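Notes follow the structure.
Fair warning: this is a prediction, and the values are worked out from it, not measured in the lab.
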Amino acid sequence: MDDRVDERRGELREAVELLSRLISIPRVSRQETEAADMLEAQMQEWGIEVQRTGNNLWEVAPHFDEALPTLLLNAHIDTVKPVSAWTRDPHNPLLTPEGVLYGLGSNDDGASLVTLLLTYRRLRAAERAYNLVFVASAEEEVSGAGGIASVLPLLPRIDVA
C-alpha cells in the first residue's frame with residue numbers, strides 16, 4: 001500500500017510542477033508558442049509521438065483500430081490577459097501551505113490540461129477497448145481559426161470527447 005501512496009504523491013508532485021511551469025509562461029491566445037514548445041518537449045521526453053500544427057499538439061495513441069470507438073481528451077493551452085485586479089504576479093506560480101496553486105491559467109485551463117495530459121500518458125500505455133487521442137489546443141479563449149478547428153480534420157473520427 002505504501003508504494004501506491006508514494007506513487008500517487010509522486011504523480012501529484014509531477015502535476016503541480018508541470019502546472020507551475022505552465023503558469024510561469026505567458027500564453028495569451030495567439031501567443032502560446034513558448035508554452036506549446038515546453039509541452040511538446042515534455043511530451044517527447046515521455047515518449048509521446050506528438051504532432052504539431054501551429055500551437056496545437058496532439059497524438060493518436062498507439063494501436064489505433066478503426067473498428068473501435070475513439071475518445072478525445074482535449075484541453076486548451078491559452079489564457080486571457082491578466083486583469084488589473086491581480087494582487088500578485090500572475091506568472092509567478094505560488095503554492096500555499098494549504099495546497100492551493102495560484103497563477104494565471106491555473107484553473108482555466110492549466111489544471112485541466114495537465115490532468116488530461118497525465119491521464120492520457122497513463123491510458124496510452126494501458127490495454128484499451130477504445131482508441132485514444134489527446135489534443136492540447138490553442139486559441140480557445142478567442143475561438144481562433146488556428147485552434148482545435150484546424151486540428152480536427154487531421155484526426156480520426158471522434159466518437160466521444
Side-chain angles (χ1 to χ4, degrees), residues 1-27 29-79 93 95 99 101 103-141 143-161:
M1 185 64 151
D2 287 340
D3 288 344
R4 289 185 65 147
V5 170
D6 287 344
E7 181 181 348
R8 295 296 182 245
R9 285 183 181 147
E11 289 172 341
L12 179 59
R13 277 191 299 275
E14 183 177 42
V16 169
E17 193 273 332
L18 182 56
L19 180 53
S20 295
R21 287 171 50 205
L22 194 58
I23 290 168
S24 70
I25 301 170
R27 57 192 199 284
S29 294
R30 296 190 177 107
Q31 299 173 15
E32 307 100 335
T33 302
E34 186 179 349
D37 291 346
M38 182 275 289
L39 289 167
E40 181 179 26
Q42 182 62 70
M43 292 168 74
Q44 289 171 340
E45 184 178 312
W46 289 336
I48 296 173
E49 295 180 21
V50 62
Q51 305 294 312
R52 184 167 181 169
T53 296
N55 289 321
N56 300 284
L57 308 171
W58 81 93
E59 186 196 50
V60 175
H63 313 297
F64 182 86
D65 181 344
E66 290 270 345
L68 296 175
T70 299
L71 169 65
L72 168 65
L73 300 179
N74 169 243
H76 63 93
I77 299 169
D78 59 318
T79 67
L95 182 61
L101 182 57
L104 183 63
S106 59
N107 183 49
D108 182 12
D109 195 34
S112 299
L113 177 60
V114 168
T115 300
L116 287 179
L117 178 54
L118 294 175
T119 299
Y120 175 77
R121 182 179 69 169
R122 179 178 283 245
L123 291 175
R124 79 184 286 277
E127 191 170 320
R128 300 175 313 278
Y130 55 90
N131 297 309
L132 187 61
V133 176
F134 173 80
V135 176
S137 56
E139 298 184 18
E140 187 274 344
E141 295 291 354
S143 300
I148 192 156
S150 68
V151 176
L152 288 175
L154 306 173
L155 301 177
R157 181 194 81 250
I158 303 296
D159 297 292
V160 179

In Arg30, Gln31, Glu32, the residue satisfying side-chain contact (heavy atoms from CB on, under 4.5 Å) with Asp78 is Glu32
Nearest 0.5 angstrom please: [X] [atom1] to [Y] [atom2], how far?
X: Ser24; Y: Leu104; atom1: OG; atom2: CG; result: 11.5 Å
X: Leu12; Y: Arg8; atom1: CG; atom2: CZ; result: 11.0 Å
X: Thr33; Y: Ile25; atom1: OG1; atom2: CD1; result: 11.0 Å

For residues 50-75, the salt bridge (charged side-chain N to carboxylate O under 4.0 Å, His left out) pairs (sequence neighbours left out) are Asp37-Arg52, Glu40-Arg52, Glu59-Arg124
Heavy-atom side-chain contact between [X] and [Y] under 4.5 Å:
X: Gln44; Y: Val50; result: yes
X: Pro156; Y: Val133; result: yes
X: Leu123; Y: Tyr130; result: yes
X: Leu57; Y: Met43; result: yes
X: Leu117; Y: Trp46; result: yes
X: Met38; Y: Arg27; result: no

For Asp159, does the CG atom have more than 12 heavy-atom neighbours from other residues, nucleotides or ligands under 6.0 Å away?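 Yes, because the 6.0 Å sphere around CG of Asp159 holds more than 12 heavy atoms from other groups.
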Glu49 atom CD, over 12 foreign heavy atoms within 6.0 Å:
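Not buried by this count: 12 neighbours or fewer within 6.0 Å.
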What are the two closest non-hydrogen atoms of [X] and [Y], and how far apart are they?
X: Ser150; Y: Thr53; answer: OG-CG2, 4.5 Å
X: Arg128; Y: Ala61; answer: NH2-CB, 3.6 Å
X: Leu19; Y: Ser106; answer: CD2-O, 4.0 Å
X: Asn74; Y: Val135; answer: ND2-O, 3.0 Å
X: Ile23; Y: Gly103; answer: CG2-CA, 3.6 Å
X: Pro69; Y: Arg157; answer: CA-NH2, 4.3 Å

**Request:** Answer yes when Arg21 and Glu17 have at least one side-chain N-carboxylate O distance shorter than 4.0 Å, and no when they do not.
**Result:** yes
When you look at Leu22 and Leu39, which way does the side-chain contact (heavy atoms from CB on, under 4.5 Å) test go after all the steps?
CA-CA 8 Å; Leu22 194 58; Leu39 289 167; 4.1 Å; yes
Run Tyr120 and Ile48 through side-chain contact (heavy atoms from CB on, under 4.5 Å) and show every step you take. CA-CA 10 Å; Tyr120 175 77; Ile48 296 173; 4.2 Å; yes
Arg13 and Val16: CA distance, side-chain angles, deciding distance, side-chain contact (heavy atoms from CB on, under 4.5 Å) verdict
CA-CA 5 Å; Arg13 277 191 299 275; Val16 169; 5.9 Å; no
Go through the steps to decide whether Glu140 and Asp109 satisfy the test side-chain contact (heavy atoms from CB on, under 4.5 Å), and finish with yes or no.
CA-CA 10 Å; Glu140 187 274 344; Asp109 195 34; over 6 Å; no
Go through the structure and list residues passing salt bridge (charged side-chain N to carboxylate O under 4.0 Å, His left out) with Asp108, not counting sequence neighbours.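 Here no residue qualifies.
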Given Ser137 and Asn56, is the side chain to side chain donor-acceptor pair (under 3.5 Å) satisfied, shown in steps? CA-CA 5 Å; Ser137 56; Asn56 300 284; 4.9 Å; no
Looking only at atom types and distance, does a side-chain atom of Glu139 sit under 3.5 Å from a main-chain N or O of Gly146, one as donor and one as acceptor?
yes
